[in-house]
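Working notes, beginning with the structure itself.
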Amino acid sequence: MMKKTFLLSLIGLLGSAFAEQVTILGINDMHANIDAMPRLKTCVQQERAKAPQLLLFSAGDNRTGSPYVDCGDHPGASMIELMNHIGFDLSTLGNHEFDGGPAALAYCINAADFEFVSANVFPTDKHGVQIKPYKIFERNGVRIGVLGLLQIDANGRPDAHPDMCKGIGFLDPLQVAENYKYLRSRCDVLILLTHLGFETDIELAKLFPEADAIIGGHSHTKVENGHLENGVLITQTQNKLKYLTRLTFEVEDGKVLSKKAELLPLNNYAADTETAAMVEQIKAQPFFKRVLSTVKRDITRRESLGCMMADAIRRCVGTDIAIVNMGNVRLDSFPAGPMTVADVYSLDPFGNDTIRMTVTGQELLRVLENITQNDDHGAPCVSGMSYKAVWHKGADRMSITAAWLADGTPINPTAQYTLAINSYLCATTEAMPADPGVSARIDGATSMIKVFETLPEIDYADVTRVELIKE
């Protein structure tokens, strides 16, 4: 009996000795945080020293978050340069990959030493955007298949300005995924590289148990050591290069014997000097270093920053009221001290046109209520007015109960007011006013630059114009 047990144990050990280990590093929603790229380089170097055949994947939203990446002749290209340097093997598309429009997206795809995959994106060849649905790698005889999927909203497009998606078609990612289950028979390890959000990834895992793992993004979720759903290991690394996930698979005879995910905090790694030098060269543009004004006190509320943005737009365009959606406010806080051109573009990197229109009080309040249906970041920020609202739990929707102008006069439902609002909101908000408006030929960042450079000091530390009551 002892001999038989020993023999079985020996066979098990020999079997595991012949299993191949596949290592994949996954990251998502880097959002052009180029200052963290030197630490990412060090981490990847150390991981490659241990597993030379590893693969490095991004789950999208590589850009949008730094003026040094998002502005200029080729938006997003600086991030691609750094990703090439670090050695990415593949990326899927995030919704913010479209922020520069199809031409900028095509430029970045062509400049990348790696490919982009997304099975539910169908570009025309007008701008030269080339996207494959999947890619199959081979490492030490193990075939690793990777299928890309992109988030689509209720309007049938990703969370991006509609004008930036012209010439590109999109299909529901969960429906499209069903058509690629055959990949299971073509590879030993099957990965879904998605930009859908954690909750949708859970739904996808229920529909696609053939996958071994999902490397996800979009919801900025920190997933500790992976989440196992229907046998599928789901990972996500929050955002802005805080973490990297190491996935390891033990594969034998075309079957995954085991799999695990480990979250690696990138702050634990020293900055690579060569990559740091590249970052400094990217940032060494005099245009961005110009100081516009001084922030008197720390601004700790995102709404306060939104009010500051709305004030600048209203002043530039000359309207009674201005609205800025909370999703357009890309910083959570701002410290006391100098504010530069780079800071302004970090606050608003989108370049959305400002539209000037005339609205009734009733139309104005309806627009404010409807904005949150497609912008789930919170209640809109305003200038020239304030309002109270009830926030409906779980519905990303609010009902305004009172609203008044800056001088305290209640907003009259039948009176007319001039309104400044960005072109993204005009294109995505339901039941817009009867007046379609006209372009003011200025974007939010330019408005801020024009206003702030005339102000010796800025103080928005305690500014709030929205009072929300949650159900």
Side-chain angles (χ1 to χ4, degrees), residues 153-155 159 161-162 301-329 348 350 352-440 443-444 447 460 462-471:
D153 64 19
N155 295 308
D159 290 341
H161 195 302
R301 292 169 53 90
R302 198 172 173 192
E303 189 216 332
S304 300
L305 289 170
C307 291
M308 180 180 73
M309 294 167 65
D311 281 352
I313 292 169
R314 183 169 72 95
R315 178 171 168 179
C316 265
V317 179
T319 55
D320 299 319
I321 294 165
I323 298 173
V324 170
N325 55 306
M326 191 66 84
N328 203 152
V329 185
D348 180 1
F350 297 108
N352 292 321
D353 192 16
T354 301
I355 306 300
R356 192 183 195 280
M357 60 179 64
T358 301
V359 301
T360 65
Q362 183 178 27
E363 288 176 326
L364 170 67
L365 301 185
R366 186 174 62 208
V367 167
L368 284 167
E369 290 178 336
N370 288 343
I371 283 173
T372 56
Q373 293 179 14
N374 285 308
D375 185 305
D376 58 2
H377 293 270
C381 307
V382 292
S383 174
M385 65 169 290
S386 298
Y387 65 91
K388 292 182 180 181
V390 175
W391 188 267
H392 302 286
K393 185 179 179 181
D396 288 332
R397 187 173 62 84
M398 66 180 188
S399 300
I400 295 177
T401 57
W404 55 95
L405 298 174
D407 64 3
T409 304
I411 288 179
N412 185 338
T414 60
Q416 290 191 329
Y417 305 93
T418 53
L419 171 66
I421 188 170
N422 69 54
S423 57
Y424 170 80
L425 291 178
C426 290
T428 59
T429 305
E430 295 182 4
M432 285 297 291
D435 177 15
V438 295
S439 170
D443 60 60
S447 294
Y460 277 81
D462 302 316
V463 175
T464 178
R465 295 168 185 158
V466 181
E467 183 181 331
L468 285 181
I469 301 172
K470 296 186 178 181
E471 283 186 334

Check the pair Asn374, Thr428 against side chain to side chain donor-acceptor pair (under 3.5 Å), reporting the backbone distance first and the verdict last.
CA-CA 7 Å; Asn374 285 308; Thr428 59; 5.0 Å; no
Testing the basics here: between His161 and Asn352, what is the closest heavy-atom pair and its distance to 0.1 Å?
CD2-OD1, 3.1 Å
For the CE atom of Met309 and the OG atom of Ser383, what is their distance to the nearest 0.5 Å?
12.0 Å
If you measure from CG on Asp353 to OG on Ser439, what distance do you get to the nearest 0.5 Å?
3.0 Å
Compare all side-chain heavy atoms of Ile421 with those of Cys426 and state whether any distance is below 4.5 angstrom.
yes
What residue among Asp320, Asp435, Thr358, Thr319 forms side-chain hydrogen bond (donor to acceptor under 3.5 Å, both in side chains) with Thr418?
Asp320
Determine whether Pro413 and Thr360 make a side-chain contact, defined as any pair of heavy atoms from C-beta on separated by less than 4.5 Å.
no
Pairing residues for Arg356 by the salt bridge (Lys or Arg N to Asp or Glu O under 4.0 Å) criterion, not counting sequence neighbours
none
Rounded at 0.5 Å granularity, tell me how far CH2 in Trp391 sits from CZ in Arg397.
10.0 Å
Gap separating the CG atom of Leu468 from the CE atom of Met398, nearest 0.5 angstrom:
7.0 Å
Closer than 3.5 angstrom, by distance alone: can the side chain of Tyr417 be matched with the main-chain N or O of Asn412 as a donor-acceptor pair?
yes
Any idea which heavy atoms bring Pro380 and Ile323 closest together, and the distance?
CB-CG2, 4.0 Å
Smallest heavy-atom separation, Cys381 atom then Cys307 atom, equals CB-N, 3.9 Å
Main chain of Thr429, side chain of Asn370: is a donor-acceptor contact present, judged purely on distance under 3.5 Å?
no
With Ser399 as reference, evaluate Glu369, His392, Lys388 under the side-chain hydrogen bond (donor to acceptor under 3.5 Å, both in side chains) test and give the passing residue.
His392
Here the gap from Arg315 atom CZ to Ser447 atom OG, rounded to the nearest 0.5 Å, amounts to 11.0 Å
Using a 4.5 Å cut-off on heavy atoms from C-beta on, say whether the side chain of Met385 contacts that of Leu368.
yes
Under the salt bridge (Lys or Arg N to Asp or Glu O under 4.0 Å) test, which residues partner Asp311, sequence neighbours left out?
Arg465
For Val359 and Pro433, which heavy atoms make the closest approach, and how far apart are they?
CG1-CG, 3.4 Å
Backbone N or O of Asp462 within a donor-acceptor pair of the Ser304 side chain at under 3.5 Å?
no
Can you see which heavy atom on Gly327 is nearest to which on His377, and at what distance?
CA-CD2, 3.4 Å
Rounded distance (nearest 0.5 Å) linking atom CG of Asp443 with atom CD1 of Ile313
8.5 Å
Would you check if Gln362 and Thr414 make a side-chain contact, meaning some heavy-atom pair closer than 4.5 Å?
no
If only atom types and distance count, is the side chain of Asp348 paired as donor or acceptor with the main-chain N or O of Phe350 below 3.5 Å?
yes
According to salt bridge (Lys or Arg N to Asp or Glu O under 4.0 Å), who are the partners of Asp407, at least two apart in sequence or on a separate chain?
none
Side chains of Asn422 and Asn328: do they bring a donor and an acceptor to under 3.5 Å?
yes
Taking every non-hydrogen atom, the tightest pair across Ile321 and Gly384:
CG1-O, 4.2 Å
Looking only at atom types and distance, does a side-chain atom of Glu363 sit under 3.5 Å from a main-chain N or O of Ala434, one as donor and one as acceptor?
yes
